[in-house]
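Below is one structure; the comments refer to it alone.
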There are 4 protein chains.
Amino acid sequence: MTDESARDEIMTATYEALCEHGYTELTTQAIADQTDKSKSLLFYHYDSKDDIISAFFDFLLEHFDERLAASQEVSPVERLAALVDWFLYDPDDDERASFHTAMLELRAQAPYDERFQAHLRRSDDALRAAFEDILRDGLEAGVFRDHDPAETATVLIAALDGARIRQLTMGRDAYLEEVRSGVANVVVADLLVEGESFPERGAVSLEAVDAAAGDDPE
Amino acid sequence: MTDESARDEIMTATYEALCEHGYTELTTQAIADQTDKSKSLLFYHYDSKDDIISAFFDFLLEHFDERLAASQEVSPVERLAALVDWFLYDPDDDERASFHTAMLELRAQAPYDERFQAHLRRSDDALRAAFEDILRDGLEAGVFRDHDPAETATVLIAALDGARIRQLTMGRDAYLEEVRSGVANVVVADLLVEGESFPERGAVSLEAVDAAAGDDPE
Amino acid sequence: MTDESARDEIMTATYEALCEHGYTELTTQAIADQTDKSKSLLFYHYDSKDDIISAFFDFLLEHFDERLAASQEVSPVERLAALVDWFLYDPDDDERASFHTAMLELRAQAPYDERFQAHLRRSDDALRAAFEDILRDGLEAGVFRDHDPAETATVLIAALDGARIRQLTMGRDAYLEEVRSGVANVVVADLLVEGESFPERGAVSLEAVDAAAGDDPE
Amino acid sequence: MTDESARDEIMTATYEALCEHGYTELTTQAIADQTDKSKSLLFYHYDSKDDIISAFFDFLLEHFDERLAASQEVSPVERLAALVDWFLYDPDDDERASFHTAMLELRAQAPYDERFQAHLRRSDDALRAAFEDILRDGLEAGVFRDHDPAETATVLIAALDGARIRQLTMGRDAYLEEVRSGVANVVVADLLVEGESFPERGAVSLEAVDAAAGDDPE
DNA sequence: GATGAATGAGAGTTCATTCAT
DNA sequence: AATGAATGAACTCTCATTCAT
């Protein structure tokens, strides 16, 4: 096994261990257990547990960034809806739920670690750019009223991220749906010109968008 | 020392230890160190560390709920502004920052513990009610346009909470200010009737509101 | 058990473990095994293994210093002989041999640790002073020819220490006896005035000296 | 690469690793790092780490023995001075210091290993012979008074070795100089016949002696 | 009520050693 | 002859928890 594939395997194992145990109970043993290898091998490929976690952060954001490369093939309104629905994922999707649960724990460590913060800022930049692109495209296409795309993007992201976190931590399944319609009515409704309407939930998916773009979704 | 006051002291010590060390490094020793008592005594008053943390959650939300009892003395617009600014606190306020940092870690544990979730739901109910009260009062008073207060409250809370978390985890001080004006322009602006305007940041504080209401703020 | 007596017990256990395993294989487990307590208790009384070893150094030198307080009751020549014989101990005395073996390992670490060096310097000062006192007393009493006590002490100590180490590391039992007579003939013979003679090996012991002084020997 | 040259390379690497890390922190990795080969190869050429160290002992003493083959070209007094100064090397010579530091650690292991002891005995024999040769040559040449060369050699070696060790372990730079003059005045002075004098420190070096003998010093 | 002393389970990490290639 | 990958045993150290006093 090459070093590259070994490191990949460890990253995947870290992902699985994180989903299974959560960050707080993420031990090197738990990571190794997701592998057919021994615990000490982790330290052959990485210098320390911290090093593993840090690399895992990189690993995550790489994958995340890839996902955001959005398509130009569908209309800005649909792309906006897809992005919103990607955020407000189906609460019954246990895999995504446990991933975001772990991510939340991970993010909760960022205030103690400048490197984490830098990662998250980079990721935030990518996310904002994705929203602003859509909003600007919509302005140009005349489907959005005049507004400040940066400001709208900021509010949207805050609301969607906040909603996701509140849903996870309160375990209130109805919550995401409420936020979805809230965002549609309170934020998006004012954005759309006469005649345009925001698609129903799930009508467009980011995966569909990816597919349209010929991308290889997760 | 009565059992009651001993438990109170432990809760306060837990609060302090949490702010100082964060949840991940919160040890029973760290809690005891905030006390003039010994570590073993913690286990006389509580069954386990988990028990302490669980009780601390109760303790927190009790105090939090008290804080939200809002005044009728000032105008709905001002009360709304106060609540918004309470959320988007001054990033230089280190005490609040370290408290919210610890709270974020604590909340990140909720997905693993139904009891935490129940607490957070209760707290969410109180918070929504506070927002909805203000919005409804504003409707009655004719300062807000017609809208669905529940929906607006949901979006507002999600955005404000999301903003707070993103600011903490990205360490981007400018962020809260951006969200504040974003919320003002994107959400609140559409709410206000002609002639009303949203106060500048810091023009009204929740403490002032509390004081007006004769409350004892934290 | 008081903290004091616990620490004492750990020091004794360290001594025993050191003699049994040597410094290189001195583990916290080995120390704990010389105790009826658990390994983790070591870390309750000391911060780290290094801390234990450092304290053990202090402990040793304290005991060593006590031993050196020599008597005025016997003649300088006899005191000198006693000190020489204390150095060139009976090679069959397994306990002393294993102690000095461990001490040698410990001393071999000193070049890497300034604190050890300081300890050894302090101990060297005490040892030199003990030799010089005897030599000066002998000069005053007219049993030693004129000489430089500091110089003689330096050479004597180097030779005795070197001999002890060479004996230990070569496992040559005859060695100490050779050095004893070598020192007697080469160094001490030139020191004695006509009529004085250096006692045979073992004729005077440091313990006897201690006893004469009413001291409590080890 | 022949087995012979590979083993030589490993011995040299062991020497370098030992000087750099000391015996206690001498790992197989550290040895391999001084090589352009891998760690596993060590185990192809040697059975175990212990085996490497044991072979290294052989290696050292071989080289050491070569060094001692002294010249007949210079006077016995000068040869004695050269040997003394070789022992009491310049404390600022970091390379020799770190070598002797490592050697001290190595020697401290000898009590646990009969093979080491045998090596050291052999080396002691060679060293004694070197001193005795010089002393006997001096007797014959009439520059030394009548004395027992074996006894004098024993004391000299013990004193010089002890001095070197004490200097290393106490970190007292002045020490070697004190011992040098002590040995000159206390031991050597009584050896010289009227009219002979012991050279100043550094006046003759073993390297010069080696060179005169056509040897290739280390 | 209150504590100092004690412990076991388990954490991250190191390292000599092995083995398939 | 040579190595990268792999491992198990052992290491130091931490911590929630217990218990005699």
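Order of the sequence lines sets the chain letters (A, B, ...), proteins ahead of strands, with each chain counted from 1.
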Inset, instruction - Starting from C1' on F:dA2, measure out to CZ on D:Arg7 and report it in whole angstrom. - result: 17 Å
Inset, instruction - Select from D:Glu25 and C:Glu4 the residue whose nearest nucleotide in DNA chain E is closer to the 5' end of that strand. - result: C:Glu4
Legend entry - Length of the CD1-P vector between A:Ile31 and E:dT13, whole Å: 10 Å
Inset, instruction - Report yes if a side-chain nitrogen or oxygen of B:Tyr44 is closer than 4.0 Å to either non-bridging phosphate oxygen (OP1 or OP2) of E:dA2; otherwise report no. - result: no
Inset, instruction - Would you tell me if any nitrogen or oxygen in the side chain of A:His45 comes within less than 4.0 Å of OP1 or OP2 on F:dG4? - result: no
Legend entry - Presence of donor-acceptor pair under 3.5 Å, side chain of D:Lys39 and base of E:dT17: yes
Inset, instruction - Run the ring-centre check on D:Tyr15 versus D:Phe99 and record whether the distance is less than 6.0 Å. - result: yes
Inset, instruction - Remember a base hit wins even if backbone is also touched, and classify A:Ile52 as base, sugar-phosphate or nothing at under 4.0 Å, heavy atoms. - result: nothing
Legend entry - Residues, nucleotides or ligands: over 12 heavy atoms within 6.0 Å of D:Gln29 CD: yes
Inset, instruction - Identify, between A:Leu26 and B:Ser38, the residue whose nearest nucleotide on DNA chain E lies closer to the 5' end. - result: B:Ser38
Inset, instruction - Would you sketch DNA chain F in dot-bracket for me? Only Watson-Crick or G-U wobble pairs with both distances under 3.5 Å count, crossing pairs as [ ], other-strand pairs as |, the rest as dots. - result: .||||||||||||||||||||
Inset, instruction - Using only side-chain N and O atoms of B:Thr28, determine if any of them is under 4.0 Å from OP1 or OP2 of F:dA16. - result: yes
Inset, instruction - Return no unless some side-chain N or O of B:Ser40 is found under 4.0 Å from OP1 or OP2 of E:dA2. - result: no
Inset, instruction - Quick one: label D:Asp51 by what it contacts on the DNA or RNA (base, sugar-phosphate, nothing), any heavy atom closer than 4.0 Å. - result: nothing
Legend entry - Where C:Leu120 and D:Met170 come nearest, the two heavy atoms and their spacing: O-SD, 3.8 Å
Legend entry - Whole-Å gap separating C1' (E:dA11) and NE2 (A:His21): 14 Å
Inset, instruction - Give the rounded distance in Å between these two atoms: CG of C:Leu41 and C1' of F:dT17. - result: 15 Å
Legend entry - Inter-nucleotide C1' distance (E:dG1, F:dT21), Å rounded: 13 Å
Legend entry - Separation of E:dC15 P from D:Asp50 CG (nearest whole Å): 16 Å
Legend entry - C:Gln34 side chain vs C:Thr14 backbone, donor-acceptor pair below 3.5 Å: no
Inset, instruction - Check for a donor-acceptor pair, side chain of C:Lys39 on one end and backbone N or O of C:Ala30 on the other, with a separation under 3.5 Å. - result: no
Legend entry - B:Arg107 to B:Phe116 six-membered ring, cation-pi geometry met (6.0 Å, 45°): no
Inset, instruction - Quickly, which of A:Asp51, A:Ile10, A:Asp47 forms a side-chain contact (heavy atoms from CB on, under 4.5 Å) with A:Leu42? Name it, please. - result: A:Ile10
Legend entry - Atom-to-atom span, CZ of B:Phe43 to P of E:dA5 - whole angstrom: 18 Å
Legend entry - Length of the line joining B:Ile10:CD1 and E:dG1:C1', which is rounded to integer Å: 11 Å
Legend entry - Toward the 5' end of DNA chain F, by each residue's nearest nucleotide, C:Thr27 or B:Gln29: C:Thr27
Legend entry - Whole-Å gap separating P (E:dA16) and OH (D:Tyr23): 11 Å
Legend entry - Greater than 12 external heavy atoms within 6.0 Å of C:Glu95's CD: no
